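Worksheet: one structure, shown below.
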Amino acid sequence: MRYLAFVTDYDGTLASDGQVAADTVLALQRIRLSGRRTILVTGRRLDELLAVFPRVTLFDSIVAENGALVYSPRTKETVLLGKPPPPAFVQRLKQLGVEPIEVGRVIVATWLPHHTLVLQAIQEMGLELLIIFNKSAVMILPTGVNKATGLDYALRKLGLSFHEAVGIGDAENDHSFMERCECAVAVANAVPSIRQLAAFVTQGRAGEGLTELVDELIADDLTRLDGHLPHNLVTIGMRADETAVTIFPYRMNILIAGPSGSGKSTITAGIVERLIDRAYQVCVVDPEGDYGTMREVITLGDRQRAASLNEILSILEDPKSNLNVNLLGVALAERPEYFAQLFTSLRGLRTRTGRPHWIVLDEAHHFLPLEWVHCADILPRKSSEMVLVTVHPDHLPPPVLAMIDVVIAIGATPEKTLRNFSCATGHALTWPKGLKYTNNHAVAWFPGRGDCEPPFSMRIIAPRHDRIRHRRKYAEGNMHYHSFYFRGPENRHNLRAQNLTIFSQIAEGIDEQTWLFHLYRSDYSRWFRDAVKDPYLADQAARIEQRRNLHPEQTRHLMRRLIESRYTLPD
């Protein structure tokens with residue numbers, strides 16, 4: 001399935017005049033039976049919603065108060081994503097004559113035309129509050145809280161990302177979450193700004209329109225929109241007229257081929273970087289150690305050991321983490337079997353979460369050799385969202401080549417590369433007159449388009465950062481008063497780590513109680529952010545600190561691998 005999460009607004013979308021029709025309830029039941037997760041996003045207060053719509057168990061998660069509160073109907077757990085304004089603010093609104101006023105756990109709401117008095121109170125009291133309009137409703141929330149931030153929290157709790165979500169709404173306050181969803185749909189009664197944002201507008205109003213969307217999702221997963229959501233397209237190069245060469249980020253496979261040293265890793269890294277820019281999760285399988293220093297990518301494995309499947313899957317469980325699996329520690333003859341086990345696990349994760357969105361196989365012939373009899377079992381014919389990188393296309397099995405949608409030939413002999421692909425697949429190749437190798441360019445070919453689009457020259461877009469700068473003073477130097485101190489509960493220790501190398505060494509040997517003491521206090525991510533001054537390292541460490549389901553030894557290992565992938569610590 002392409003869309004795993006169905007996200008809907010309440011008033012004016014799911015409900016009309018506050019009530020949900022019986023046919024709309026049946027539509028919600030059908031979408032759940034299809035295997036999709038359901039999320040309700042509303043500006044209403046939770047108790048108010050429960051009073052008018054008690055069947056909240058039709059949803060896996062409820063984002064209420066316009067994103068300030070997330071409620072799990074199954075566990076009845078409530079999480080606040082913002083702080084309520086001070087009681088004095090509500091008192092001041094009453095003094096100014098604002099009436100009625102509704103006060104939730106975080107939200108304060110009233111109606112037009114009281115927005116001017118609300119703004120006056122905010123300015124008088126010097127508060128950082130945001131006014132959001134929902135037709136005639138006026139909602140006051142902490143800055144940075146909206147339906148999109150609430151949905152982000154709910155999706156991550158379900159192990160999903162915005163790219164698995166289709167959202168439907170009708171009013172101004174739906175704009176933030178609909179804009180973030182991979183596909184946005186407006187009901188027929190939506191305001192003009194929401195209709196303009198949407199990929200399409202349903203014929204029916206409110207619940208009838210929602211039912212239309214449910215039926216189409218179940219029937220064909222909105223395949224008519226493939227390639228027609230321009231904000232999701234990914235650029236792979238530039239044409240001679242400086243227009244972008246783009247691909248749809250789903251149901252596509254890319255082959256990058258050319259001689260050794262021709263720049264395959266550069267163009268691949270650029271594509272990976274742009275996928276990550278669009279928040280698509282990427283898993284790189286790297287046999288040569290070429291991608292270990294890419295920004296925003298965690299590397300597992302080295303020359304001494306291969307990453308375990310549990311380690312790999314634990315990283316990829318977080319939708320915001322990207323992974324490079326370094327296979328220098330796996331013998332060449334053992335790589336096909338290693339990949340077979342890895343890809344089987346990745347397929348299971350994809351079935352459940354839709355991720356990783358893209359899998360990159362550098363030196364793909366190492367994992368999928370021509371003579372490998374198990375290829376068809378490991379890679380089903382419908383496998384997609386893969387980038388395969390190889391020296392010679394004809395070194396890969398024909399079933400693998402048959403899946404390719406675009407070939408990028410790099411190096412001084414692009415015609416030879418594409419003819420090898422053509423001979424191996426049976427695709428007819430007509431080489432355009434005058435097309436030849438040009439420096440910093442590749443030749444792209446979409447073989448499925450036939451003579452409609454012959455091969456063409458494409459300027460390579462290199463990654464912005466080929467390598468991160470390894471700040472040696474943080475890895476091996478002396479950070480003096482910025483050092484980290486392992487003290488543990490009751491200050492029973494005073495072990496100083498004056499750099500990341502020593503930090504990693506102490507972390508490996510310190511007792512479990514001390515390690516967990518600092519882990520659960522978020523001391524590690526705080527040090528990485530404030531002293532090492534590496535926000536990415538801090539963000540990734542914070543995700544490890546929040547994984548209370550991991551064994552302490554797993555958190556130690558993941559933390560060390562994270563540091564190694566950024567700073568190349570000495571053995």
Side-chain angles (χ1 to χ4, degrees), residues 8-19 39-54 56 61-72 76-154 169-180 189-194 197 206:
T8 178
D9 169 52
Y10 186 75
D11 289 289
T13 306
L14 180 68
S16 296
D17 298 324
Q19 299 300 310
I39 302 174
L40 178 62
V41 185
T42 178
R44 286 183 180 248
R45 292 175 287 112
L46 181 61
D47 56 353
E48 178 189 16
L49 175 70
L50 295 175
V52 298
F53 183 64
V56 291
S61 185
I62 293 176
V63 179
E65 297 197 9
N66 215 68
L69 180 154
V70 177
Y71 173 74
S72 171
K76 295 183 168 51
E77 177 189 13
T78 299
V79 177
L80 300 184
L81 302 182
K83 293 182 179 180
F89 173 71
V90 177
Q91 290 299 116
R92 181 56 181 150
L93 292 180
K94 292 178 179 179
Q95 291 170 2
L96 292 172
V98 176
E99 187 179 319
I101 300 175
E102 297 179 4
V103 181
R105 301 280 296 275
V106 176
I107 196 172
V108 175
T110 184
W111 302 89
L112 292 175
H114 294 311
H115 60 289
T116 55
L117 295 176
V118 170
L119 181 59
Q120 177 183 334
I122 292 172
Q123 290 175 325
E124 286 178 0
M125 302 183 70
L127 301 174
E128 288 192 61
L129 296 174
L130 181 68
I131 299 175
I132 297 175
F133 296 96
N134 179 21
K135 297 181 180 178
S136 59
V138 178
M139 295 177 286
I140 304 100
L141 289 158
T143 301
V145 173
N146 55 36
K147 285 188 173 182
T149 58
L151 176 60
D152 185 28
Y153 182 91
D170 75 303
E172 296 93 338
N173 67 324
D174 297 329
H175 191 282
S176 65
F177 92 82
M178 290 177 63
E179 184 178 46
R180 198 78 68 88
N189 53 293
V191 299
S193 61
I194 294 298
L197 167 68

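Quantities reported herein were computed from a predicted structural model and do not represent experimental measurements.
Counting only distance, with no hydrogens or angles, the side chain of Asn189 and the backbone of Gly12 share a donor-acceptor pair below 3.5 Å. A side-chain donor-acceptor contact under 3.5 Å links Thr110 to the backbone of Pro100. A donor-acceptor contact shorter than 3.5 Å links the side chain of Asn146 to the backbone of Thr149. In this structure a side-chain-to-backbone donor-acceptor pair under 3.5 Å is present from Glu65 to Ile107. Under the 3.5 Å distance criterion, the side-chain polar atoms of Thr13 are left unmatched by any main-chain donor or acceptor of Thr8.
Contact check for Val56 versus Leu40: no side-chain heavy atoms found under the 4.5 Å cut-off. Side-chain contact between Val145 and Val106 is absent, with no heavy atoms from C-beta onward closer than 4.5 Å. Side-chain contact check for Val138 versus His114: every heavy-atom pair is 4.5 Å or farther apart. Residues Val108 and Pro85 have side chains in contact (heavy-atom distance under 4.5 Å, counting atoms from C-beta outward). A heavy-atom distance below 4.5 Å is found between the side chains of Leu69 and Leu80.
Taking all atoms of both residues into account, the shortest heavy-atom contact from Arg44 to Ala64 is O-CB, 3.5 Å. Between Leu81 and Gly67, the shortest heavy-atom distance links the atoms CD1-O, 3.6 Å. Annotation for Gly169 and Ala190: closest pair O-CB, 4.0 Å, computed over non-hydrogen atoms. Taking each heavy atom of Val70 and Ser61 in turn, the nearest pair found is CG1-OG, 3.5 Å. Heavy atoms only, all atoms of each residue included: Ser16 and Ala206 are closest at OG-CB, 3.3 Å. Ile101 approaches Val90 most closely through the heavy-atom pair CD1-O, 4.3 Å.
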Item to check | side chain to side chain donor-acceptor pair (under 3.5 Å) evaluation trace for Gln91 with Gln95 | outcome: CA-CA 6 Å; Gln91 290 299 116; Gln95 291 170 2; over 6 Å; no
Checklist entry - Between Glu172 and Ile194, is a side-chain contact (heavy atoms from CB on, under 4.5 Å) present by the stated rule, with each step listed? => result CA-CA 7 Å; Glu172 296 93 338; Ile194 294 298; 6.0 Å; no
Next on the checklist: Show, in sequence, the C-alpha distance, side-chain angles and deciding distance for Leu151 and Arg180, and conclude whether the side-chain contact (heavy atoms from CB on, under 4.5 Å) test is met.
Outcome noted: CA-CA 9 Å; Leu151 176 60; Arg180 198 78 68 88; 5.8 Å; no
Next on the checklist: side-chain contact (heavy atoms from CB on, under 4.5 Å), that's the test. Do Phe133 and Leu112 meet it? Break it down for me.
Outcome noted: CA-CA 9 Å; Phe133 296 96; Leu112 292 175; 3.7 Å; yes
Next on the checklist: I'd like to know whether Leu14 forms a side-chain contact (heavy atoms from CB on, under 4.5 Å) with Thr42, so could you lay out the CA-CA distance, the side-chain angles of the two residues, the decisive distance to 0.1 Å, and finally the verdict.
Outcome noted: CA-CA 10 Å; Leu14 180 68; Thr42 178; over 6 Å; no
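Taking NZ from Lys147 and CE from Met178, the interatomic distance works out to 10.0 Å, rounded to the nearest 0.5 Å. Atom-to-atom distance recorded for Leu129:CG and Met139:CE is 14.0 Å, nearest 0.5 angstrom. Atom-to-atom distance recorded for Asn66:CG and Leu141:CG is 5.5 Å, nearest 0.5 angstrom. Remark: Phe89 CZ to Lys94 NZ distance equals 12.0 Å, nearest 0.5 Å. Taking CG of Leu46 as the start and CZ of Arg105 as the end, the distance is 8.0 Å to the nearest 0.5 Å. Going from atom CG of Leu117 over to atom CD1 of Ile122 covers 11.0 Å, rounded to the nearest 0.5 Å.
Between Tyr10 and Phe53, the ring planes lie tilted relative to each other; the angle falls in the 30° to 60° range.
For CG of Asp47, the number of neighbouring non-hydrogen atoms (other residues, nucleotides, ligands) closer than 6.0 Å is greater than 12. Annotation for Lys135: atom NZ counts as buried by contact number, over 12 foreign heavy atoms lying within 6.0 Å.
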